[in-house]
Structure formats: structure tokens, C-alpha cells
Protein chains: 2
Amino acid sequence: MQDLNRTDKVRMTQQRRVILEALRRDNIHPTADAIYEMVRRRLPRISLGTVYRNLEILTALGEIQTLEMSGSQKRYDGIAQKHYHIRCVHCGRVDDAPIAPLNRLEDELYGATVYTIMGHHLEFVGLCPECSQNEEAQRFAERHLSMPSESP
Amino acid sequence: MQDLNRTDKVRMTQQRRVILEALRRDNIHPTADAIYEMVRRRLPRISLGTVYRNLEILTALGEIQTLEMSGSQKRYDGIAQKHYHIRCVHCGRVDDAPIAPLNRLEDELYGATVYTIMGHHLEFVGLCPECSQNEEAQRFAERHLSMPSESP
DNA sequence: ATAACTGCAAAGGCTTTGCATGGAT
DNA sequence: ATCCATGCAAAGCCTTTGCAGTTAT
């Protein structure tokens, strides 16, 4: 991870602008390589490393947010405001979850934990409309769902 | 990921037993390589691949659970029952969060999303007691906390 | 004999980084 | 001249996998 000093000056380069525009244009929460493919249509010589570096800088600037989903790949969101997401366990698609932030969630933990609580991450999982109609995806989801055991 | 067929017979080997015992002994939610180091004291010839394979099998059997935290590495929990966790943003330590499962969380989404909702992942973040007293960790945490912007 | 399991090493997937070059102030 | 940014390729980190050999049934 690059050492982004808060005194660093930042320039709005072509690459940075095009990446930001790609993220702002639609709300598909793309992975870094998906952004790379989108941006490459306009800047064919851009490198994947540049994409990663700019995604990190744009996140540090508060222009976008980096989603560390429970899946493997990170995803990026052109909307910096805090909001929750829902992820398809089968195809990985990510959408915004239409639910307001739970600002009081941490209250229950005060006094009950030795940690200094800073916040929480919440993500919903399910099947997107396409995968909901796919039998193989449904079997996959059932296996996924069955464990760990539910609490009583 | 190995193709774990539900008709596969499973044997309780030395390796598997020792891994399970290491996870059950304490509740430190170790990473795979931490488990490897613990288990290696008793079985010096075990391989990291065997550890990973057994962690997957034990998870499929419902004996343990695999935690896909928002950080990079997976962690493993000897308690299979569903419960939440809190993670130190500085050192990565993970503890159980003393809060009951929120079983009604999904209700708000019914009708509001095109997804078939299956569940949610919730994780708290903060500073563990040790890192709470470490100035460098606190600065790190502040930078972490400042974005993305809070919703109004 | 068969099927499950292991150790080892290699490969894989995603992300970060070193370095020489290029561009803006 | 300075400092930020880029392209490229290599390295890094964590995890999975192929394979030949081993062990339990």
C-alpha cells in the first residue's frame, strides 16, 4: 500500500479522471479489473497498476469508496456516502441495499467489550434476479446457506 | 476449492483431530498459518496444504466456521454457531462480539430489493485493548475512520 | 483393492511495488 | 528542478491444486 501522506499534492490526470467517471457513470460496484477494461476503451495504454493506485488515491480523497466484501475481490463504489450492499453469492454482482444505516448498532457493545468500537461492516447476501432463476445457482446457494448452524 | 461431495466418507485423522483441537482449545480466531504453527508443534511434518484442506472439510461438516472478514486473510472459528465478531483494525485480532444475532434485519429488504435475500454478514471494527493504548495505532485508526463520509 | 488422505511443490488469483520515464508546476 | 504520476514487469501474499506415495477400511 502506498504511503499517502496528507501533504501530498494530487493532480487530476486523464487516467484519474477517466477512472472516476467510469465509477460515477453507473453503479455496478466493479472490481479493479472490470474498471481496467472499461477505462482501457478510452485510454488503451493505461496499466492495471495505475488503476489500483488511482483507486486507492480516490478512496483516500473521499471521492469513492473501496468495498472489502466478504468475497475475495475488492469492489469500488463511485458513491462515497456510507451505505450497505447486497451481494449475489453465485455471480458476485453487488447492488446497493435499500436500508438506512444502523447508527445505534454499536451502542449494545459499549461496556460489553474491551474494544474501542469504531464502526461496523454490514453486507447482505442473496441471489440476484438472474441467478434466482438458475437452478444450479439455487442449489449452490442452498449449500452455502446450510452452515454454519443458525442460532436457536 | 476441492469438490466436497456429500457422499464422501470422512476419516478422523491425526491431522484433522489436532487441527480441530487447536481451534477448540481457545477462541482466538486464528488464520490458517497461525493454525499451521500451532499444529506443527505436535505434528512437525504436517503441511500447510493439509491444514487448508482440513479447515475446508471441517467447515463443510459444520464443526467449525470459516470467517471471511473484510481484511485479507480468512480466519477460523472453533464455534460453529452463528455469532458476530469484532476486529482490531490495527493488529487484526478478532474476538466474539457480545451481541445477539439480528434475525429480523432482512425484513426491511423484502419487497425493496430484486434479490432473493439469504442472510447477512456483520462485523464490528475497532481497536483492541492493546492497540487502544498505542498512539501510532490510534492515528492509524483515525485515518481509517475518517472516510467514507458518514451519512447525515 | 479401494477410497480417503497426506506432504510437497507448483500454480493461481488478486494486489502491491520498484524502477525508469514522462509531464506539470 | 522538483515532484507527482505513469507503464511495465516483477514480486508478494494468501490459497488452491496436481501428483505420487501412504494409510485405513
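Each chain gets a letter, A, B and so on, in the order the sequences are listed, and its residues count up from 1. What's counted below: heavy atoms across the whole structure, side chains too, no hydrogens, waters or symmetry copies. Since we're looking at a predicted model, the values are computed, not measured.
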May I have the distance from A:Met12 (atom CE) to D:dC3 (atom P), rounded to whole angstrom?
22 Å

Any salt bridge between B:Glu37 and B:Arg40, counting N to O under 4.0 Å?
yes

Quick test of your reading of the model: are A:Glu56 and A:Arg53 salt-bridged, counting only N-O distances below 4.0 Å?
no

Residue-phosphate contact under 4.0 Å: A:Thr50 side-chain N/O, D:dT6 OP1/OP2:
no

B:Leu48 has an atom CG; how far is it from atom C1' of D:dT15, in whole Å?
8 Å

A:Arg16 atom CZ is separated from D:dT6 atom C1', nearest whole Å, by 10 Å

Check side chain to side chain donor-acceptor pair (under 3.5 Å) between A:Asp26 and all other residues, then give those that pass, not counting sequence neighbours.
none

For C:dG13 and A:Ser72 - does any side-chain N or O of the residue sit under 4.0 Å from the phosphate oxygens OP1/OP2?
no

Among C:dA4, D:dC4, C:dT6, find the nucleotide with the atom closest to the side chain of B:Arg53.
C:dT6

Quick one: B:Ile35 CD1 to D:dC14 P, roughly how many Å, whole number?
14 Å

What's the closest nucleotide to the side chain of B:Arg11 if the choices are C:dT16, C:dC5, D:dC4?
C:dC5

Rounding to 0.5 Å, atoms CG (B:Leu105) and CG (A:Leu122) come to a distance of 6.0 Å

Quick note, B:Gln73 side chain, CB onward, closest among D:dA5, C:dT6, D:dC14 is D:dC14

B:Gln14 CD - C:dT6 P separation (whole Å)
10 Å

Indicate, with a heavy-atom threshold strictly under 4.0 Å, whether B:Asn54 touches base, sugar-phosphate, or nothing.
sugar-phosphate

I want to check one thing: is the phosphate of D:dC4, taken as OP1 and OP2, less than 4.0 Å away from some side-chain N or O of A:Thr13?
no

Nearest-Å distance, CD1 (A:Ile57) to P (C:dT16)?
12 Å

Of the listed nucleotides (D:dT16, D:dA5, C:dG7), which one gets closest to any side-chain atom of B:Lys74?
D:dT16

Whole-Å distance, B:Leu55 CG to C:dT6 P, equals 11 Å

If you only use heavy atoms from C-beta on, which nucleotide in D:dT6, D:dT15, C:dT6 is closest to the side chain of B:Tyr52?
D:dT15

Under the rule for salt bridge (Lys or Arg N to Asp or Glu O under 4.0 Å), what residues qualify as partners of A:Asp95, not counting sequence neighbours?
A:Arg93

Taking only side-chain nitrogens and oxygens of B:Gln2, does any of them come within less than 4.0 Å of OP1 or OP2 of D:dG18?
no

